[in-house]
Protein chains: 2
Amino acid sequence: MKKIVNDPNQVVQDMLKGLVAAYPESLKQVPDTTVVVRKDAPVTNKVALVSGGGSGHEPAHAGYVGAGMLDAAVCGETFTSPTPDQVFEAIKAVDGSAGVFLVIKNYTGDVMNFEMAAELAEAEGIRVEKVIVNDDVAVEDSSFTTGRRGIAGTVFVHKIAGAKADKGGSLEEVKAVADKVVANVRSMGMALSPCTVPASGKPSFELAEDEMEIGIGIHGEPGIERKTIATADEIAEELTGKILEDMDYTSSEVAVMVNGLGSTPEMELFILNGKVQDILAEKGIKVYKTFVGEYMTSLEMAGCSVSLLKLDDELKELLDSESKAPAFRI
Amino acid sequence: MKKIVNDPNQVVQDMLKGLVAAYPESLKQVPDTTVVVRKDAPVTNKVALVSGGGSGHEPAHAGYVGAGMLDAAVCGETFTSPTPDQVFEAIKAVDGSAGVFLVIKNYTGDVMNFEMAAELAEAEGIRVEKVIVNDDVAVEDSSFTTGRRGIAGTVFVHKIAGAKADKGGSLEEVKAVADKVVANVRSMGMALSPCTVPASGKPSFELAEDEMEIGIGIHGEPGIERKTIATADEIAEELTGKILEDMDYTSSEVAVMVNGLGSTPEMELFILNGKVQDILAEKGIKVYKTFVGEYMTSLEMAGCSVSLLKLDDELKELLDSESKAPAFRI
């Protein structure tokens with residue numbers, strides 16, 4: 001295993017130390033937890049957003065903590081759901097009396113643990129609502145999920161629901177707009193190589209030298225098909241095509257995210273984006289805004305995902321509004 | 001070779017298409033060139049900044065084009081200096097009658113070609129000044145360089161000289177502040193794995209499974225030493241220690257950049273940053289601002305660099321001022 005780490009079993013604690021040290025003006029760690037919150041948390045009378053999940057997807061989720069996005073990120077062990085007590089700590093740390101909104105990626109462990117935390121919070125009189133993100137069109141049910149998985153489209157939920165809360169939206173309004181994003185976002189990914197969880201020390205799966213996997217999950221969960229590596233144009237057609245089959249984007253305006261999974265050079269993401277834009281133009285789908293980069297990674301996995309979010313005026317305004325999160329500055 | 005590309009000999013043109021398509025509101029490509037400029041170029045009566053070099057270091061350099069940073073980036077073939085005529089096209093495209101300032105990383109080909117372009121421009125009556133960035137403390141003279149190499153510290157030059165020009169600084173004032181950054185920035189890198197230039201199809205060098213290389217260049221040029229992989233803390237001590245030996249940072253305030261070379265997960269960069277911050281605190285060096293992420297990459301090389309910039313009030317103000325560049329939003 002070639003990694004820049006100290007104790008492979010302490011990578012999350014070590015990461016959080018270095019993360020908070022990098023952004024001391026905007027982030028703080030809740031003592032004795034793996035919870036990162038806004039420096040000014042709790043913000044009184046603002047709906048607070050809490051997300052998180054297993055670590056290894058950086059900058060998700062702690063990089064999205066900041067004014068205009070998340071109030072807290074709960075960082076589980078690598079590729080492992082955070083425990084209910086950690087999520088509960090996050091809820092308590094950010095509750096500003098206007099309610100707490102949970103953004104949960106659809107993995108069985110995450111859903112269970114966030115919901116248990118919500119019950120603990122409600123028992124203490126904190127109002128909690130949630131959305132479960134399931135944007136991955138690749139497969140129904142997989143290793144860690146009943147239904148579809150939540151992947152890079154989750155970042156649009158953070159941004160837009162975070163903006164709604166920042167503008168004074170009520171808990172019900174934040175939930176409504178988060179539901180709207182989830183209803184209108186679809187994603188699909190592929191990988192060229194596996195990644196290695198530090199504590200295991202071994203690659204999570206194997207792919208032959210000429211092979212890629214279409215539809216793979218962000219923890220290496222099986223996708224749709226393994227086949228010979230295709231060109232960037234063919235990969236763009238396959239990922240975008242599957243998304244467009246799943247939802248009717250005719251005459252829509254969309255936000256596009258071309259997301260790198262960890263070790264894919266930005267050069268390749270831009271090459272892919274060129275073809276994605278061509279495909280959308282041919283279909284008469286208008287691109288409002290494009291995001292190319294690493295937003296939801298899988299450690300050093302090589303590969304990418306494409307996400308398309310269908311927009312209306314409300315979503316456009318919230319997407320464009322200011323964010324102070326370290327990994328999503330607008 | 002596992003890459004998301006079409007024709008390996010067309011990666012730069014394909015990348016530029018996808019890059020400009022991603023940010024059509026802020027970037028445009030000069031037709032029939034590999035030059036990316038601000039959408040509103042030329043900006044009348046503003047000193048224009050031109051940088052660039054071989055491709056494969058994304059987001060450098062085109063991701064730093066935007067108000068407050070560069071006016072143009074000239075994109076050579078992968079790891080290959082752009083030709084003088086391409087640099088000349090960039091200069092002509094952004095000249096707004098206040099002079100053009102070239103930020104050149106110290107590689108023999110880059111220096112020669114940018115200087116030839118400067119002569120062509122001066123022959124047409126365009127005033128040109130330049131700075132040569134040589135922040136890498138690892139080695140004197142190497143594969144492609146006489147003297148020290150220019151690496152991630154170059155991004156500080158883009159940011160600070162770009163801000164000076166944006167605030168109305170004259171060509172002489174922009175040069176003076178760029179020279180000040182170069183005099184006060186030092187960097188040092190290391191790698192865990194090589195990268196593959198698409199057109200060659202083969203890794204640029206080899207490292208054994210338990211080996212790392214200290215002091216390696218951003219094109220895989222030899223460093224100081226190959227040895228068994230160390231812990232993150234030891235790597236932080238080695239990189240930071242060599243920088244602190246090279247310049248006296250006692251009682252200084254600094255900006256820190258912990259830069260990923262391509263496939264190193266952000267988790268590992270933050271782990272490294274935690275120790276870098278400890279080392280600086282122990283030495284009484286005050287950290288003003290920290291940047292952790294991929295700023296100057298080497299395709300999918302695994303590894304990182306640390307840069308330290310000694311700051312004064314002028315540099316702090318310019319570092320903090322607004323930037324609209326896609327890869328450096330402030």
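Reckoned from all heavy atoms, side chains included, excluding hydrogens, waters and symmetry mates. What you are looking at is a predicted structure, and each value in this text was computed from that prediction instead of being measured.
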Q. Who passes salt bridge (charged side-chain N to carboxylate O under 4.0 Å, His left out) against A:Arg329, sequence neighbours left out?
A.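 A:Arg329 satisfies salt bridge (charged side-chain N to carboxylate O under 4.0 Å, His left out) with no residue once adjacent residues are dropped.
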Q. Considering heavy atoms only, which positions within residues 51-61 of chain B lie below 4.5 Å of chain A?
A.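 Residues of residues 51-61 of chain B touching chain A at under 4.5 Å: B:Ser55, B:Gly56, B:Glu58, B:Pro59.
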Q: Identify the residues of residues 4-15 of chain B whose heavy atoms come closer than 4.5 Å to a heavy atom of chain A, ordered by number, or report 'none'.
A: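 Within residues 4-15 of chain B, the residues that come under 4.5 Å of chain A (heavy atoms only) are B:Ile4, B:Val5, B:Asn6, B:Val11, B:Asp14, B:Met15.
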Q. Residue by residue, which of residues 269-282 of chain A have a heavy atom closer than 4.5 Å to a heavy atom belonging to chain B?
A.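 So far as heavy atoms go, A:Phe270, A:Ile271, A:Leu272, A:Asn273, A:Gly274, A:Gln277, A:Asp278 are the residues that approach chain B to under 4.5 Å.
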Is chain B contacted by the side chain of [X], its backbone, both, or neither, given a heavy-atom distance below 4.5 Å?
X        : result
A:Ala208 : backbone
A:Thr297 : neither
A:Leu192 : both
A:Ala302 : neither

Tell me, for [X] versus chain A, whether the close heavy atoms (under 4.5 Å) come from the side chain, the backbone, both or neither.
X        : value
B:Met1   : backbone
B:Leu299 : both
B:Thr78  : side chain
B:Phe291 : neither

Q) Closest approach of B:Ala22 and A:Val292, non-hydrogen atoms and distance? A)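 Heavy atoms only, the tightest pair is CB-CG2, 3.9 Å.
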Q: Taking all non-hydrogen atoms of both residues into account, name the closest pair between A:Lys3 and B:Pro265 and its distance.
A: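 It is NZ-CG, 4.4 Å.
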Q: Against chain A, work out which of B:Glu234, B:Lys289, B:Glu211 has the most heavy-atom pairs shorter than 4.5 Å and name it.
A: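 The option with the most such pairs is B:Glu211.
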Q: Would you mind telling me which of B:Met212, B:Glu25, B:Glu294 has the largest number of heavy-atom pairs within less than 4.5 Å of chain A?
A: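 Top count of heavy-atom pairs under 4.5 Å with chain A: B:Glu294.
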(Q) Just so I understand: if I count every heavy-atom pair under 4.5 Å between each of A:Met190, A:Lys324, A:Met267, A:Met301 and chain B, which residue has the most? (A)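 The option with the most such pairs is A:Met267.
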